[in-house]
Structures are given as structure tokens and as C-alpha cells.
**Student:** 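Can you keep this structure in mind? I'll have questions shortly.
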Protein chains: 2
Amino acid sequence: MKIVSRAVAAFAHAGYHATPVSEVAEAAGVSPAYVFRLFPGKLGLFVATVDHCYDQVTATLVRGGEAVGPAAPDDVLAAMSAAYVNLIRDRNLIMLQVHAQSACDVPEIRDAVRRGVARVVRAVSRVSGADPGAVQRFLAYGQLCHLIVQADLGAVDESWARTVSAGISH
Amino acid sequence: MKIVSRAVAAFAHAGYHATPVSEVAEAAGVSPAYVFRLFPGKLGLFVATVDHCYDQVTATLVRGGEAVGPAAPDDVLAAMSAAYVNLIRDRNLIMLQVHAQSACDVPEIRDAVRRGVARVVRAVSRVSGADPGAVQRFLAYGQLCHLIVQADLGAVDESWARTVSAGISH
DNA sequence: CAAGTTACTGACTGATCAGTCACATCTGGG
DNA sequence: CCCAGATGTGACTGATCAGTCAGTAACTTG
């Protein structure tokens, strides 16, 4: 659905609560009324968008991991990390995850986030063959990427910011 | 300020955009009009709340780290981690950080987040004496805590969820 | 007690936004 | 050509919310 893929970028800016449906509609080149005709409501649209986002994230990770061919788990994880860090350039997929996580007080959104994280964890485990501890570490540094992108720490030239983003940003 | 400390809990539920000032006012036991009299606007109130939140977080970490007395950096970091994980029980301080991070498209909020993270990073480095890489790892696992709290993964009894929260939640 | 100052509020306004609905305008099949 | 379904929209409504303002109550100080 074209609307959903445009919605990723639209919601990525300000998140669920702060993005009017009219903005998503404009980004998709249709009227707000039509969006409500295709989706049961703003919430349904957002959930579909989040699902789509995690699809793309999972696909990106799998592609990155499989690119190194059969290799030691740590090497595959490293390749997947590099693929994820590359998403920082785009920003949209990372920002949407962040906003979805922050809107988890809405049960439907929380469930979408759980589904998405579950898919990511399973894909990373399966493709890398790494043990749970290594997968957890992978996820932790992934979440650190989110902070770096949100606060745009790559643009901060101070010692503390370099500590946070060492080896990740720029 | 009493209003600010009550605002932490109020904003922690649904975040900046989804929490009306009237809700904060009610939590503080005053009228919405009075909140606008004391603060330049909703944004000013939120920024003050975020600053207060990072004050508390930093203080919690420092207290946790100093409790072990002079010790090896890794041991101090472990104590600080334990102190941070304890915040999960409260939820409010962690959720507010998350919501502040997600509202970073508002420049004033982004600046408040940067100030807060800077204070945390400096405090952790100073009290633990750990090298930047270890501090970065500390922060990464801290961010992982955020995901666990947001999506309430402690309540999910599935393999992927245990991978994410191993050694942190439950 | 008078006068000033601080603490606080009810009642409003203007803007924004989710969601609806009646109404177009295409499209292909018989 | 006619009709049925799909694709789409403009114009509305009702609710919510940030922010204002005029005014009241409660202290403080001389």
C-alpha cells in the first residue's frame, strides 16, 4: 500500500500523537477523507505503518547478515550491526520505531511493537546463530543508536557525546 | 516546585503531545490556568520537568555508584546498573526519558535531553572511573531497559522476550 | 485595619483535528 | 450504452486543548 509506505516518513517526524492524518494524506498525495476510508481510523493506520516499518528493518538486518555468507556468529552480528547503523542515514525507520515505542501506552501500538521486536529478535538469532547474550547486546547497541539519532548526537562535538556515539555515528 | 515533581508522573504516562496541561494541573492539585501563570507555556513546563527528571536519574546513579565505596570501575558500573534497573519499578523516570527522547523534534526538548544525557554520562564516567567503552556499554544496556519498560516485556512469557530482558527484568 | 502583594481560579476563545457523509468521477463487463 | 463497483473528495461536525483575562481569596506588612 502506497499510503503506508509514505506514512512511515510522515509519522517518523513527530510521532503518533503529534502527526495529523492530514499530513500523512498529503505525503501520500490523497485526501484525508480517503485515508479514513481505507483504514479503520488513525490508530489502524499507525499500526499498519509500524508493522510495515518492522518488516523493512527485519529485511535490512537479514540482508546484511546473509551478505557475509556462512561465518562465525560474531561476524554475522557485526555485519548486521553495520546494516542497522546504515539506517541512521535514512532516519525514518529508526525514528518510527522510537515513536512507536513511546506510544506503547496505547495497547494496539504496544502489541505492534512486541510483534516487531519479536520478529527482529528471531531473525537476528536465526541468521547469526549467536547465543542469547550476544543477541541481547546487539539489541542494546541498537537502542543506543536510537538515542543518537533522536538527539542528533552526531552533531554535538563534545566529549560526552563522543563517548555515547563512539564507533556508531559519523 | 511541587508542580514539576507531579508533572513527571503525569507526562510519564502518555508523553508531551498526548498529555494535556489540565492533566498535569489535576495531578498537582491546581487549576490549568495557574500552571500557565507559573510557566511560559506547556513547552516550558515540559522542559522543566525533563530537567528535573534527569536530576533525579543522575542522583540515583551517583548514589548507587558511591554506595560500593572505592572499587574497580566495573564493580562501580555494576552497582550503578543495579540502581538504574531499580528505577524500572517506579517506571516514571524511565518513561519520561523515553517520551522526552521521542519529542526531540522540538528543539527545546532536544536540548533538554542533550543536557540530561551529558550530565548522566559525566556522572557515570566520574564516579565509576571507567573507560569510555565501558560507559558506552552501560548506556546501551540502559536504553535496552527503556524498551523493556515501554513494551512491558517482563509480562511477555516468550523466548524472544526472555532474550531481550535476560538479567534485567523479572 | 488599610494597602499591597502573592496565590489562585472560572469562564472564555480560537485553533486544530479525528471522523463522517453525501456526492463526484473513473473503470470494465454485459 | 448502462450499470456496478472501485476510487476518490469537499464540506461539514463535535471534541479537545493551549493559552488568556478579569477577577477573587488569602496572606503580609505597616
Side-chain angles (χ1 to χ4, degrees), chain A residues 1-53 95-96 98-100 102-113, chain B residues 1-53 95-96 98-100 102-113:
Chain A
M1 193 81 77
K2 184 185 176 181
I3 292 183
V4 168
S5 66
R6 298 302 187 99
V8 172
F11 279 122
H13 281 120
Y16 176 62
H17 295 291
T19 306
V21 171
S22 62
E23 220 164 279
V24 177
E26 197 179 355
V30 298
S31 71
Y34 191 47
V35 175
F36 282 105
R37 155 148 285 184
L38 293 182
F39 295 88
K42 187 186 181 180
L43 181 54
L45 167 64
F46 188 72
V47 168
T49 306
V50 171
D51 280 333
H52 180 73
C53 164
M95 287 303 291
L96 187 64
V98 154
H99 286 129
S102 145
C104 273
D105 53 293
V106 181
E108 290 87 348
I109 297 179
R110 190 201 57 195
D111 291 345
V113 168
Chain B
M1 194 83 76
K2 184 187 178 181
I3 292 182
V4 168
S5 66
R6 298 303 186 100
V8 172
F11 279 122
H13 281 120
Y16 176 61
H17 295 292
T19 306
V21 171
S22 62
E23 221 163 278
V24 176
E26 197 179 355
V30 298
S31 71
Y34 190 48
V35 176
F36 282 105
R37 159 144 291 196
L38 293 183
F39 295 88
K42 187 187 181 180
L43 182 54
L45 167 64
F46 189 72
V47 167
T49 306
V50 171
D51 280 333
H52 179 72
C53 164
M95 288 303 291
L96 187 64
V98 155
H99 287 129
S102 147
C104 274
D105 54 294
V106 181
E108 290 87 348
I109 298 179
R110 190 200 57 195
D111 291 345
V113 168

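Each chain gets a letter, A, B and so on, in the order the sequences are listed, and its residues count up from 1.
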**Student:** Quick check: are there more than 12 heavy atoms from other residues, nucleotides or ligands sitting under 6.0 Å from CD of E108(B)?
**Tutor:**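 Yes.
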
**Student:** Would you kindly give the NE2-to-P distance between H17(A) and dC17(D), to the nearest whole Å?
**Tutor:**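 Roughly 11 Å, once rounded to whole Å.
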
**Student:** I want to verify a distance call: between dG8(D), dA18(C), dC8(C), whose nearest atom is closest to the F36(A) side chain?
**Tutor:**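 For the F36(A) side chain, the nearest candidate turns out to be dA18(C).
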
**Student:** Output the rounded distance in Å from OH (Y34(B)) to P (dC8(C)).
**Tutor:**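 About 4 Å, once rounded to whole Å.
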
**Student:** Got L45(A) and L38(A) here, is their nearest side-chain heavy-atom distance under 4.5 Å?
**Tutor:**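 L45(A) does not reach L38(A) side chain to side chain.
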
**Student:** With a 3.5 Å distance limit and no angle check, can you tell me whether S102(B) reaches the backbone of V98(B) through a side-chain donor-acceptor pair?
**Tutor:**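 Here the side-chain-to-backbone pair does not exist.
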
**Student:** Nearest 0.5 Å please: distance from the NZ atom of K42(B) over to the NE2 atom of H17(B).
**Tutor:**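 It comes to 7.5 Å.
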
**Student:** Over how many whole Å does the gap from E26(A) atom CD to dT9(D) atom C1' extend?
**Tutor:**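 Spelled out: CD on E26(A) to C1' on dT9(D) is 15 Å.
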
**Student:** Take V30(B) and S22(A), find for each the nucleotide of DNA chain C with the closest heavy atom, and name the residue whose nucleotide sits nearer the 5' end.
**Tutor:**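 Per heavy-atom nearest nucleotide, the more 5' residue is V30(B).
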
**Student:** Rounded to whole angstroms, how far apart are CZ on R37(B) and C1' on dA22(D)?
**Tutor:**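 Value for this atom pair: 10 Å.
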
**Student:** By nearest nucleotide on DNA chain C, pick out whichever of P40(A) and A18(A) is the more 5' one.
**Tutor:**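 Upstream on the strand: A18(A).
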
**Student:** Atom CG of L38(A) to atom P of dT9(D): distance rounded to whole Å?
**Tutor:**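 The distance from CG of L38(A) to P of dT9(D) comes to 10 Å, rounded to the nearest Å.
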
**Student:** Can you tell me how far P of dC17(C) sits from OH of Y16(A), to the nearest Å?
**Tutor:**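 Taking atom P of dC17(C) as the reference, OH of Y16(A) is at 14 Å.
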
**Student:** May I have the distance from E23(A) (atom CD) to dC17(C) (atom P), rounded to whole angstrom?
**Tutor:**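 It is 8 Å, rounded to the nearest whole Å.
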
**Student:** Given dA18(C), dA18(D), dC8(C), which nucleotide is nearest the side-chain atoms of V21(B)?
**Tutor:**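 Output: dA18(D).
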
**Student:** Indicate the ring-plane relationship of F11(A) and F46(A), choosing parallel, tilted or perpendicular according to the 30° and 60° boundaries.
**Tutor:**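 Ring orientation, 0 to 90° scale: perpendicular.
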
**Student:** Roughly, in whole Å, what's the span from CG in L45(A) to C1' in dC17(C)?
**Tutor:**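 About 14 Å, once rounded to whole Å.
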
**Student:** Among the nucleotides dC8(C), dT7(D), dC17(D), which one has an atom lying closest to any side-chain atom of P20(B)?
**Tutor:**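 Nearest to the side-chain atoms of P20(B), counting from C-beta on, is dC17(D).
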
**Student:** Which comes earlier along DNA chain D counting from the 5' end, the contact point of T19(B) or that of P32(A), where each point is its nearest nucleotide?
**Tutor:**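 Here P32(A) is the residue nearer the 5' end.
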
**Student:** Measuring from the side chain of K42(B) (C-beta onward, heavy atoms only), which nucleotide among dC8(C), dG10(D), dG19(D) has the closest atom?
**Tutor:**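 Given the options dC8(C), dG10(D), dG19(D), the side chain of K42(B) is closest to dG19(D).
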
